[in-house]
Structures are given as C-alpha cells and as structure tokens.
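Worksheet: one structure, shown below.
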Protein chains: 2
Amino acid sequence: MRKTFLFLDTIINKVDAKGRVSLPSDYRAIVKELGSEIVCYRSLTAPCIEGCLEDSLEKLATDIENSTDFFSETQDDLTNLIFGDAKRFTFDSTGRIMLTEKLLQYAQIKESAVFVGKGRKFQIWSAENWVKEEQRLREKVKQNRPTLKPEGEN
Amino acid sequence: MRKTFLFLDTIINKVDAKGRVSLPSDYRAIVKELGSEIVCYRSLTAPCIEGCLEDSLEKLATDIENSTDFFSETQDDLTNLIFGDAKRFTFDSTGRIMLTEKLLQYAQIKESAVFVGKGRKFQIWSAENWVKEEQRLREKVKQNRPTLKPEGEN
DNA sequence: TGGTATAACATGGTATTTTATGGGAATCAA
DNA sequence: TTGATTCCCATAAAATACCATGTTATACCA
C-alpha cells in the first residue's frame, strides 16, 4: 500500500427510501485515488457497520497467511466471520452507495447514517447509537487519560 | 518524517462570520514545505482546539496498526475517539481555513482565535480562555520550578 | 539611522464549484 | 409484470477558490 490515507471526521448523511446514502466526499476521494473499493460488514464488537478498503482486507488475509500463530483458532473464526460477511460497495455518479437491509438492520439505521472515521477503516452508526457510544468513549478517556496520548510520540 | 519543524509563537487572528481564520503564515509554510495537511480535533484535556500535521496522525495510525491486531478492542476505542473527531483542513489562496461549528463551540471561540505553538502540534484558544490558561501555567511554574527539567518535556 | 519603497499578510466580500439529496427513467431479474 | 437496482437529471445548500483593500512588516537606500 504505497499511498497513505486516513478515514477521518464524523459525518451525518441521510438514508433515503431506497436505502441510498452519500459516502462522505473525503472517503470517496480516497477510494478514487487508491483505485480501490469500499467493503462493508457487520462489526463484530458493536452495533454498527464497519467499512474499509478492499486493500485492507487483502492485507488482513496476507497477515493471517503469514501468521506464526498457525493454530490460532479464534483469529481463524473471526476472519471467517468477516470475509463471509463482507460485501463490496461501489458508489454511483453522485457518490452514493446502497446499503443492504441486513447491514442497516444490524446497525439499527433508519433515516440517518453517521460515518465515523477510524483511520484505516470507518464505521457507520445510527444517530442514536452513536451518541451513546461517543459518550461512553469520552467517559472512558476521562478516567483513563494515560493510555490516550497520541501527542506524545514523534 | 525527514524535515524538522516546530509550531511556535502565539498569534491572534479574527474569525469571520463564516468561521474563517487565517492560519499563521509560519504554520502555512510548514504545511507547504512538508507537503502535508493540517488536521484539527477537540483537545481531550482542555477547552481548546488542537491541531497537527496529517503526517503525525498517519504515524499514529501505522503504529496502532502494527502494535495491535485487527480485532483489538483498544485499537477500536482509541481510533474512534481520535480519528472520528479529527478533520482535515486545507487553506485557500489567502491562507484561511474554515473551522467547524463543533470545534468553535467546544473551544468557546467567537471573534478571535489564539494560535499557540506547541512544537509538533499547536492549539487554538478563545482569547478569554487563553488568558486564564497562560496565567495558570505561569502560576504553576512558579510554584513548581524543580519539575522543569529535561525529563518532563512535552 | 531614518525614511521610503516593497512585499507579505490579514480580512471583507463575491463568484464558482462541489456536495448532498430528491425524483424519474431505464435496466435487470424473479 | 413487479420489484428492485442502476443511471441520469435537477436543485438547494454548503464549501471552496478568487478578487480587492487596508495594514503591517520587511527590505532597501540615502
């Protein structure tokens, strides 16, 4: 993966009656620039959709392949879940993707979808769930500041 | 990151009705020279906006990628908070960036923004809050001079 | 050193482009 | 045919680039 990229920011977009959502323009730019595709799957740990570049899943596959932990059953199971669940999404000329019923239901998304950048990947939340989640995270930070020092290195 | 750079000085610029602010010219020079971009997010520890180069976040993303596995819970929470809040800011031909409502509100910035250099990053304060903060810092130094030794850098 | 010319900068305003989003037609599949 | 998916067009709003001006800082010269 030569070029670097980051999925950033938190953006709220509407989901219309057909299930279409605009992918944030920044995200689109990344996909175009890298000539890759967006892949989405149900998060294994939270009630949200998770997305990344197809390249990232490629990397995951390779990592598993080369893993010294040949017998890691857990990892194996998890990857099965992800690869089995993941689906490629292309956006139309206006930048929209069409999420599936399965994904929308799992994330409890109705009218609006919240895109949350995570660096190499991103998540899509329902408005309600994201409010709660962000609150939880900020709460956690307050009580555990030491582990969160992105500034410290360099 | 080959080239070195430092965000320095304290500079007050006006914020217009649209939320536009001139990025200090020194900062602009750094961004240009390194071919990077400015990224801003709400400080986790103070009522101010924090900014850095996208390169710094890139490095963080890579570190996280390499230090924890794909399914790590720590990675999950961390990345949500940092990357979800961070936003890329490009400046126009006159050197201005457009800060978002969210950031301005969090830092309680109305008409003027105070840019404070912090080396590898910088902060943006409201005029009022910065006065207080600087006072607090100087007060702290006076009473705690011994701790100002090489080890305690930041 | 003092004064002036020049360049850089901050800042207000305006124009242009991009983006999100709704709706409809065309295409495809069950 | 019916339902769904893709493609295309239209529009309003928001983001961005561009232009103009006064001010400050810098360079230059006597």
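Order of the sequence lines fixes the chain letters, A, B, ..., with proteins taken first and strands second; residue numbering starts at 1 for each chain.
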Taking only residues two or more places apart in sequence, or in another chain, which ones meet B:Y106 in a side chain to side chain contact (heavy atoms under 4.5 Å, CB included)?
-> B:R42
Residue pairs, two or more places apart or on separate chains, that pass salt bridge (Lys or Arg N to Asp or Glu O under 4.0 Å) and touch residues 9-20 of chain B | B:D16-B:R20
Minimum heavy-atom distance between A:A46 and A:S43, given as atom pair plus value =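 Distance-wise, the nearest heavy atoms are N-OG, 3.0 Å.
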When clusters are formed from ILVMFWY side-chain contacts under 4.5 Å, directly or step by step, what else is grouped with B:L6?
->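 B:L8, all in the cluster of B:L6.
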Determine all donor-acceptor pairs shorter than 3.5 Å in which one atom belongs to a side chain in residues 94-101 of chain B; sequence neighbours excluded.
residue	atom	partner	partner atom	Å
B:T94	OG1	B:D92	OD1	2.8
B:T94	OG1	B:R96	NE	3.3
B:T100	OG1	B:L103	N	3.3

Qualifying ring-ring contact (aromatic ring centres under 6.0 Å, His included) pairs with a residue from residues 77-99 of chain A, counting only residues at least two apart or across chains |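 Passing the test, one end in residues 77-99 of chain A: no pairs.
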Qualifying ring-ring contact (aromatic ring centres under 6.0 Å, His included) pairs, either residue in residues 111-130 of chain A, two or more places apart =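 Matches after skipping sequence neighbours: A:F7-A:F122, A:Y27-A:F122, A:W125-A:W130.
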Between which nucleotides of DNA chain C, read 5' to 3', does contact with chain B run, using atoms under 4.0 Å from its heavy atoms?
->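 The footprint of chain B covers C:dC9 to C:dT14.
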Specify the residues of residues 86-104 of chain B, ordered by number, for which at least one heavy atom lies under 4.0 angstrom from an atom of DNA chain D.
-> B:D92, B:S93, B:T94, B:R96, B:M98
If we fit an axis to the first five pairs and another to the last five of the helix from C:dT1-D:dA30 to C:dA30-D:dT1, what angle do they make, to the nearest 10°?
->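 Rounded to the nearest 10 degrees, the bend comes out at 40°.
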Quick one: side chain to side chain donor-acceptor pair (under 3.5 Å) partners of B:R88, sequence neighbours excluded?
->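 Partners of B:R88 under the side chain to side chain donor-acceptor pair (under 3.5 Å) test: B:E54.
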Could you list the residues that satisfy side chain to side chain donor-acceptor pair (under 3.5 Å) with A:Q108, not counting sequence neighbours?
->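 Scan of A:Q108 (side chain to side chain donor-acceptor pair (under 3.5 Å), adjacent residues dropped) gives A:N129.
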Interface with DNA chain C, restricted to residues 18-28 of chain A and to heavy atoms under 4.0 Å |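 Output list: A:K18, A:R20, A:S22, A:L23, A:P24, A:S25, A:R28.
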Is it true that B:R136 and B:E133 have a side-chain N and a carboxylate O under 4.0 angstrom from each other?
->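 Looking at B:R136 and B:E133, the cut-off is met.
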Indicate yes or no: does B:K102 engage B:D85 in a salt bridge with an N to O separation below 4.0 Å.
->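 The answer is yes: the pair qualifies as a salt bridge.
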Do the side chains of A:V15 and A:K110 get nearer than 4.5 Å, heavy atoms only?
->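 No, side chains not in contact.
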